[in-house]
Amino acid sequence: MSKLKVLLTGGAGFVGSHTAKILFRSGYKVIIIDNFSSGASKHPYGKFYKIDLKEEKEIIKILKKEKPDVIMHFAAFIIVSESIENPFKYYENNVGNTIKLISAMKEVGIKNFIFSSSAAVYGITEKNPIPETAELRPINPYGESKAMVEKMLKDMAQAKELNYIALRYFNVAGADPEGELGPSYLQPTHLIIRALKAAKGELPYLEIYGTDYPTPDGTCIRDYVHVMDVAYAHVLAMKYLLQNTNSNVLNCGYGKGFSVKEVIETVKKVTQREFKVIEGKRRPGDPPVLVADNRKIKQILKWKPKYNFLETIIQHTWQWLKKT
Ligand code: UDP
């Protein structure tokens, strides 16, 4: 049997680069399309095309040449606050360029698609942990852009135009335990990285965005999930899709939430460093609690997380940040 070929858009980005490494190490042929816009990994695993997804004609040429069996679509903008300030940037890239990619897939006859969705599609929910069946009520353009693509994929799958798995990531964090890959955003906005940068002395302080949320300590609760476990979920999703051609939407999180204050305490414990913390105002677009009900991904993909400890996630990120 010839080796399966997997094409990853955003394969030099955070989740994409870790997934590419696992796929490559597992013997798949890996093709990466990336524009390097997020300051991502400079040495991605696999064959690499530096190109923006908006270049539809060029993308069609690449797909025709490479004929991948599966496309994993990671490339997207992901910062909630930025999406509120600059919504068109998000709709243009996350929705518009996804439509171009799917149009190219249709033209070339590629049917299998793994989509990076997000817990941001849920918004403020009645239930936590959140099941996939919860109504989607995103409260920011980032979440809206992901929900729009999901809707399109659902309709297309129903019409048998493609088969897909959408993985709704909760808060992806951590880094490659081997220390080779990690988060490399040019301007990090995410809590764990910012807290570690405060611990490292690269930020003067860490600001908590809101202490008046309806949670036990007043700060937002998130389900932090290690990037390697998320990456591995893609490999399982791909195998499932190729075997079953059953489209599906799956939460990807551990089902356990930590508040901003709990994350800060854990960062201090892991780094053994003190840093200044300021209690500030709420950041627009943040739901109070996002925790995954992960029964479906465990049942359907037999996903068995390996790194589901906040300390491990922070330790691996710290190891990476100390190096870079
Ligand atoms: N947060 C914070 N200070 C920071 C960065 C984030 O208090 O410097 C909070 C943020 O308001 C949210 C949580 O940490 O409640 C997680 O935010 P992050 O940006 O890491 O991920 P998001 O949930 O927005 O994808």
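All residue numbers in this chain count up from 1 along the given sequence. In each ligand, atom 1 is the first atom listed, and ligand 1 is the first ligand listed. Here the structure is a predicted model, which is why all the values come from computation and not from measurement.
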Novice: When you measure from the centre of the six-membered ring of Y28, is the NZ or CZ of K5 under 6.0 Å away and within 45° of the axis?
Specialist: no
Novice: At less than 4.0 angstrom from any atom of ligand 1, which residues have a non-hydrogen atom? List them by chain and residue number.
Specialist: N171, T189, H190, L191, R194, L206, E207, I208, Y209, C220, R222, Y224, V260, R283, D286
Novice: Run the ring-centre check on H316 versus Y307 and record whether the distance is less than 6.0 Å.
Specialist: yes
Novice: Examine F24 together with Y45 and report whether their ring centres are nearer than 6.0 Å.
Specialist: yes
Novice: May I ask you to decide if Q299's main-chain N or O and K302's side chain share a donor-acceptor pair within less than 3.5 Å?
Specialist: yes
Novice: Do R25 and E178 sit within salt-bridge range, that is, some charged N less than 4.0 Å from a carboxylate O?
Specialist: yes
Novice: With side chain to side chain donor-acceptor pair (under 3.5 Å) as the test, pick out the partner of K296 among T133, N251, N248.
Specialist: N248
